[in-house]
Amino acid sequence: MLLIGPPGAGKGTQASYIAKRFGIVSISTGDIFRENVKNETRLGQSAKSYLDAGQFVPDSVTNAMVRERLEQNDADNGFLLDGYPRTLGQVDYLDEILATRCRELDVVLQLTADTDELVQRLLQRAERENRSDDTAEVIRSRMKLYFDQTTAVTSRYGERGILTEVDGLGSISDVSSRVSTALDLTLGLSSMPTTVVADDGRLERSAALVGTAFP
């Protein structure tokens with residue numbers, strides 16, 4: 001399972017909820033990077049050299065980190081991956097990783113939210129945490145980068161019929177409820193109509209049934 005969403009959409013909170021509900025491990029690429037750098041692994045040292053130079057970490061390093069993490073025993077019974085893939089090349093690489101384990105993705109969950117509301121949410125967070133560098137301009141730039149990176153990825157998964165969109169705005173409990181309903185519908189755990197009602201009364205479409213692990 002993948003979790004995709006813009007900054008401020010509450011992915012971390014929902015990732016914890018989903019992992020607990022389905023009894024799977026939640027894996028954040030940010031955590032993978034930090035762990036490798038902290039432990040000074042070969043991949044961590046390589047990534048740090050790029051970061052220290054102000055450069056993007058190349059896909060080859062990120063891909064290798066993700067592969068190593070997904071090959072750990074706690075991911076054998078399923079996983080929720082947050083922050084990867086970000087490019088079509090990484091989509092293809094993840095397909096290869098899963099194919100070697102005779103598996104494929106069941107669902108890609110995308111948290112959606114109005115950009116202006118997310119900007120205000122992140123500005124309020126920055127004020128609480130005294131993060132003066134997080135200006136509206138910086139936040140909007142991060143939003144643009146997110147959409148530039150993920151539009152092609154979500155389109156690819158949408159073409160495969162495994163993309164489920166859920167409104168990420170609202171209270172934590174409301175969003176968790178919508179997430180739960182959408183996943184139940186997508187994974188065939190519920191016979192309810194395939195719509196999810198947002199806080200403002202809008203109807204959201206849930207994705208059709210998706211693939212499962214190969215036998």
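Heavy atoms only: backbone and side chains are in, while hydrogens, waters and symmetry mates are out.
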List for me each residue that meets side chain to side chain contact (heavy atoms under 4.5 Å, CB included) alongside [X], sequence neighbours excluded, and say none if there are none.
X	answer
E68	R42, L43
A47	F33, V57, V61, M65
T87	D59, Q90

- Query: To the nearest 0.5 Å, how far apart are CZ in F79 and CD1 in I24?
  - Reply: 8.5 Å

- Message: Can you confirm whether N39 is buried at CG, in the sense that more than 12 heavy atoms of other residues, nucleotides or ligands lie under 6.0 Å from that atom?
- Response: yes

- Query: Checking salt bridge (Lys or Arg N to Asp or Glu O under 4.0 Å) for the pair D76/R101: CA distance, chi angles, key distance, verdict?
  - Reply: CA-CA 9 Å; D76 285 347; R101 300 170 68 84; 2.5 Å; yes

- Message: We want to know whether D167 and T112 form a side-chain donor-acceptor pair, criterion being a heavy-atom distance below 3.5 angstrom.
- Response: no

- Message: Between S176 and Q14, is there a side-chain donor-acceptor contact under 3.5 Å, judged purely by atom types and distance?
- Response: yes

- Query: Below 4.0 angstrom, N of the basic side chain to O of the carboxylate: do R125 and D134 qualify?
  - Reply: no

- Message: Does this structure show an ion pair linking R86 with D148, if we count only N-O contacts that are shorter than 4.0 Å?
- Response: no

Measure across [X] and [Y] and return the closest heavy-atom pair with its distance rounded to 0.1 Å.
X	Y	answer
L118	P6	CD1-CG, 3.4 Å
A113	L169	CB-CG, 3.6 Å
G170	R121	N-NH2, 4.1 Å
Y84	L2	O-CD2, 3.7 Å

- Do L145 and V138 sit in the same hydrophobic cluster, where Ile, Leu, Val, Met, Phe, Trp and Tyr count as joined when their side-chain heavy atoms come under 4.5 Å apart? no

Listing request: all salt bridge (Lys or Arg N to Asp or Glu O under 4.0 Å) pairs with a residue in [range], at least two apart in sequence or in separate chains.
range	answer
residues 20-32	R21-D184, D31-R34
residues 4-19	K11-D82
residues 109-120	D116-R140

- Does the salt bridge (Lys or Arg N to Asp or Glu O under 4.0 Å) test come out yes or no for D95 and R103, once each step is laid out? CA-CA 9 Å; D95 288 343; R103 294 182 180 276; over 6 Å; no

